[in-house]
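So the structure is just underneath, and the comments pick up after that.
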Amino acid sequence: MNTIDTEVKCYLSKYRDAKRLRDTLKSRYALVNGPRIQQLKSSIAKCEQAKNMSVDEYFGRLTGLWEELHNHEPIIVCSCCANYTAGSEHETRRDNDMLHKFLMGLNSDHFAALRTSILSQDPLPSLNKAFQLVIQDERVLNAKSVTDEKPHEALGFLVRAGGDKGRVRERVAKSHLTCTHCKKTGHEATSCFELVGYP
């Protein structure tokens with residue numbers, strides 16, 4: 001009773017037998033699974049990795065949908081004979097379906113080559129192995145994008161046309177000038193530091 005939701009608990013009377021409580025809850029709240037199974041399969045088919053979504057997030061969404069679907073559609077088990085292998089074959093087929101769905105939903109801009117590489121393996125790797133390969137590839141892509149985003153340090157140099165020769169020519173051209181204010185040569189009164197101020 002402590003694990004039952006409070007909204008449900010208030011409509012239940014006290015039970016001394018746990019089986020009777022469970023049977024009552026099952027008969028009252030058990031729903032037909034057909035619409036939910038259809039909804040889950042549709043969500044799984046539409047689930048894809050967006051450009052800004054990590055592989056972890058995408059795989060987590062898929063895993064949640066798969067787990068709920070497997071609760072509604074458990075693996076077929078039969079014990080009619082000792083050589084019966086349909087259960088393991090069913091599980092292998094379901095695992096391959098999950099692998100294909102995971103790879104199909106990956107972002108094609110980043111993982112198209114890796115997807116082809118994984119699908120060309122014989123036998124196909126397990127879903128967990130494929131997930132590891134994709135995570136490693138994602139880490140390489142992230143590391144590469146970080147180094148690409150760093151600005152390159154640029155070194156700039158100021159090159160003066162003519163170099164020191166231009167300054168020498170300028171001094172020679174002004175050597176005949178004499179300031180009327182300070183009486184020194186090399187400049188005129190309009191550019192005299194005593195009048196216009198020192199830099």
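The structure presented is a predicted model; accordingly, all values stated were derived computationally and were not measured.
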Which distance, rounded to the nearest 0.5 Å, do you find between the [atom1] of [X] and the [atom2] of [Y]?
X      : Y      : atom1 : atom2 : answer
Glu138 : Asn107 : CD    : CG    : 10.0 Å
Cys47  : Lys101 : SG    : NZ    : 6.0 Å
Lys51  : Asp109 : NZ    : CG    : 5.0 Å
Leu127 : Asp97  : CG    : CG    : 11.5 Å
Leu62  : Glu48  : CG    : CD    : 10.0 Å
Asn71  : Glu68  : CG    : CD    : 7.5 Å

Task: Common cluster, Met104/Leu65, ILVMFWY with side-chain heavy-atom separation under 4.5 Å - done: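 As far as the 4.5 Å side-chain criterion goes, Leu65 and Met104 are not connected within one cluster.
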
Task: Neighbour count above 12 (heavy atom, 6.0 Å) for Glu57 CD - done: yes

Open item on the list: Could you walk me through whether Leu133 and Gln136 satisfy the side chain to side chain contact (heavy atoms under 4.5 Å, CB included) test, starting with their C-alpha distance in whole Å, then the side-chain angles of each, then the deciding distance to 0.1 Å, before giving a yes or no?
Closed with: CA-CA 5 Å; Leu133 293 170; Gln136 287 175 355; 4.3 Å; yes

Indicate the atoms forming the closest heavy-atom contact of [X] with [Y], along with that distance.
X      : Y      : value
Ser126 : Leu99  : O-CD1, 4.3 Å
Ala189 : Cys179 : CA-SG, 3.7 Å
Leu124 : Ile118 : CD2-O, 3.7 Å

Does the side chain of [Y] come within less than 4.5 Å of [X]'s, by heavy atoms?
X      : Y      : value
Asp17  : Leu21  : no
Val134 : Phe102 : yes
Glu89  : Arg94  : no
Leu103 : Phe111 : no
Arg93  : Asn96  : no
His70  : Ile75  : no

Task: Arg36 and Gln39 side chains, donor-acceptor separation under 3.5 Å - done: yes

Task: Donor-acceptor pair between Arg115 and Ser108 side chains, under 3.5 angstrom - done: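 Side chains of Arg115 and Ser108: pair found under 3.5 Å.
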
Open item on the list: Given 3.5 Å as the limit, does a donor-acceptor pair link the side chain of Ser42 with the main chain of Gln38, or not?
Closed with: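 Between the backbone of Gln38 and the side chain of Ser42 there is no qualifying donor-acceptor contact (under 3.5 Å).
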
- [ ] Report the C-alpha separation of Ile37 and Leu69 in whole Å, then their side-chain angles, then the decisive distance to 0.1 Å, and conclude whether the side chain to side chain contact (heavy atoms under 4.5 Å, CB included) test is met.
- [x] CA-CA 6 Å; Ile37 290 171; Leu69 181 62; 3.9 Å; yes

Task: Candidate pair Lys41 and Glu73, rule salt bridge (charged side-chain N to carboxylate O under 4.0 Å, His left out), full reasoning - done: CA-CA 11 Å; Lys41 287 185 176 182; Glu73 291 185 333; 3.4 Å; yes

- [ ] Describe, in one word, how the ring planes of Trp66 and Phe59 are oriented to each other, choosing from parallel (under 30°), tilted (30 to 60°) and perpendicular (over 60°).
- [x] perpendicular

